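Structure first, commentary second.
We count residues from 1, following the sequence as given. Keep in mind that what you see is a predicted model, and the values were worked out from it rather than measured.
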Amino acid sequence: MLIARVIPCLLLDNNSLVKTTNFKNSSYIGDPVNTARIFNELEVDELSLLDITATNNNKSPNFDLISQLANECFMPLSYGGGINKFEDAKKIFKIGIEKIIINTAAFENPDLITQLAEYFGNQAVIISIDIRKNIFGKYHVYSHSGNKNQKIDPILWAQKVEELGAGEILLTS
């Protein structure tokens, strides 16, 4: 029998935690470092952080905040947002993050998935797949924080990123 794992996924907008509805309308819900402390006490299995504004604003990952969170967390930590270069990922892993999460960069540079998986291992590479259903009931994959329709079937994209080396998939709808 499989044991359920609890992996909260927190959305960052600059230095704040937010909640969104349909990838839009973000509202402030708290401080990420304080929230990490709460999840330490709750003994969650893993914590995922996604900076939902980094890519669309052409910002690099907030290494300062990532470092603060890595120092605070007692559980494995994954991070995504603004990672589009191997050097960014390398710096994030050096800080102490166990896994990186890629979405938009997987479309813009699919070879990055393979490069990261070969260097850090498949288990350290998560591909985030944002999906939406259109008016005809067909699902499509989106990038750029849910703003750009890639016109790709989610199953086909999941198979492709697995072939490229992704060890995990984070499916968001």
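- The two residues Pro8 and Phe39 have their closest heavy-atom pair at CG-CE2, 3.6 Å.
- Counting all heavy atoms, side chain and backbone alike, Asp45 lies closest to Pro76 at O-CD, 3.2 Å.
- Contact check for Glu46 versus Lys99: side-chain heavy atoms found under the 4.5 Å cut-off.
- Proximity of a side-chain donor or acceptor of Asp88 to a complementary backbone N or O of Pro61 within less than 3.5 Å is not detected.
- In this structure, Phe86 and Leu116 have side chains that are in contact, with non-hydrogen atoms separated by less than 4.5 Å.
- Considering only heavy atoms from C-beta on, Ile131 comes within 4.5 Å of Leu171 through its side chain.
- Residues Leu65 and Leu12 are in side-chain contact: their nearest non-hydrogen atoms beyond the backbone lie under 4.5 Å apart.
- Remark: side-chain polar atoms of Asn71 are paired, donor with acceptor, to backbone N or O of Ser67 under 3.5 angstrom.
- At least one side-chain heavy atom of His144 sits under 4.5 Å from a side-chain heavy atom of Glu108.
- Taking CD1 of Ile97 as the reference point, atom CZ of Phe120 lies at 12.5 Å (rounded to 0.5 Å).
- Transitive grouping of hydrophobic side chains (ILVMFWY, heavy atoms separated by less than 4.5 Å) keeps Ile155 and Leu164 in distinct clusters.
- The hydrophobic cluster containing Phe74 does not contain Val33, counting ILVMFWY residues as joined when their side-chain heavy atoms lie under 4.5 angstrom apart, directly or transitively.
- Other residues, nucleotides and ligands contribute over 12 non-hydrogen atoms within 6.0 Å of the CD atom of Glu87.
- A donor atom on one side chain and an acceptor atom on the other are not found under 3.5 Å apart for Asn62 and Asp51.
- Arg132 places no side-chain N or O within donor-acceptor distance of the main-chain N or O of Asn149, the cut-off being under 3.5 Å.
- Summarising the local packing, CZ of Phe63 is surrounded by more than 12 heavy atoms from other residues, nucleotides or ligands at distances under 6.0 Å.
- Listed by chain and number, the residues in a side chain to side chain donor-acceptor pair (under 3.5 Å) with Lys59 are Asn14 (sequence neighbours excluded).
- In terms of hydrophobic clustering, with Ile, Leu, Val, Met, Phe, Trp and Tyr side chains grouped at heavy-atom distances under 4.5 Å, Ile38 and Met75 are assigned to a common cluster.
- Heavy atoms only, all atoms of each residue included: Cys73 and Ala36 are closest at SG-CB, 3.8 Å.
- In this structure, the side chains of Phe107 and Val141 come closer than 4.5 Å at one or more pairs of heavy atoms.
- The hydrophobic cluster containing Leu156 does not contain Ile102, counting ILVMFWY residues as joined when their side-chain heavy atoms lie under 4.5 angstrom apart, directly or transitively.
- Partners of Glu118 by side chain to side chain donor-acceptor pair (under 3.5 Å), not counting sequence neighbours: none found.
- Under the 4.5 angstrom side-chain criterion for Ile, Leu, Val, Met, Phe, Trp and Tyr, the cluster partners of Ile135 are Phe136.
- Counting all heavy atoms, side chain and backbone alike, Asn103 lies closest to Ser128 at ND2-O, 3.2 Å.
- Apart from Val18 itself, the hydrophobic cluster it occupies contains Leu11, Leu50, Ile52, Ile101, Ile126, Leu170, where clustering links Ile, Leu, Val, Met, Phe, Trp and Tyr at side-chain heavy-atom distances under 4.5 Å.
- Residues Tyr79 and Tyr119 fall within the same hydrophobic cluster, defined by Ile, Leu, Val, Met, Phe, Trp and Tyr side chains chained together at heavy-atom separations under 4.5 Å.
- The CD atom of Glu168 sits 6.5 Å away from the CD1 atom of Ile7 when rounded to the nearest 0.5 Å.
- Between the CG atom in Leu17 and the OH atom in Tyr28 there is a gap of 7.5 Å [rounded to 0.5 Å].
- Shortest non-hydrogen contact noted between Ile169 and Ala158 is CD1-CB, 3.6 Å.
- Two residues are said to be in side-chain contact when any heavy atoms from C-beta on lie closer than 4.5 Å; Leu47 and Leu10 meet this criterion.
- Applying the side chain to side chain donor-acceptor pair (under 3.5 Å) test to every pair with at least one member in residues 150-164, sequence neighbours left out, gives these pairs: Ser143-Gln150.
- Not counting sequence neighbours, the partners of Asp31 by the side chain to side chain donor-acceptor pair (under 3.5 Å) test are Asn34.
- Taking OG1 of Thr104 as the reference point, atom CG of Asn109 lies at 12.5 Å (rounded to 0.5 Å).
- Judged by distance alone, with hydrogens and angles left aside, the side-chain atoms of Thr55 form no donor-acceptor pair with the main-chain N or O of Gly81 at under 3.5 Å.
- Taken to the nearest 0.5 Å, the CG atom of Leu49 stands 5.5 Å off from the CG atom of Leu69.
- The structure places CD of Glu98 at 10.5 Å from CD of Gln123, a figure rounded to the nearest 0.5 Å.
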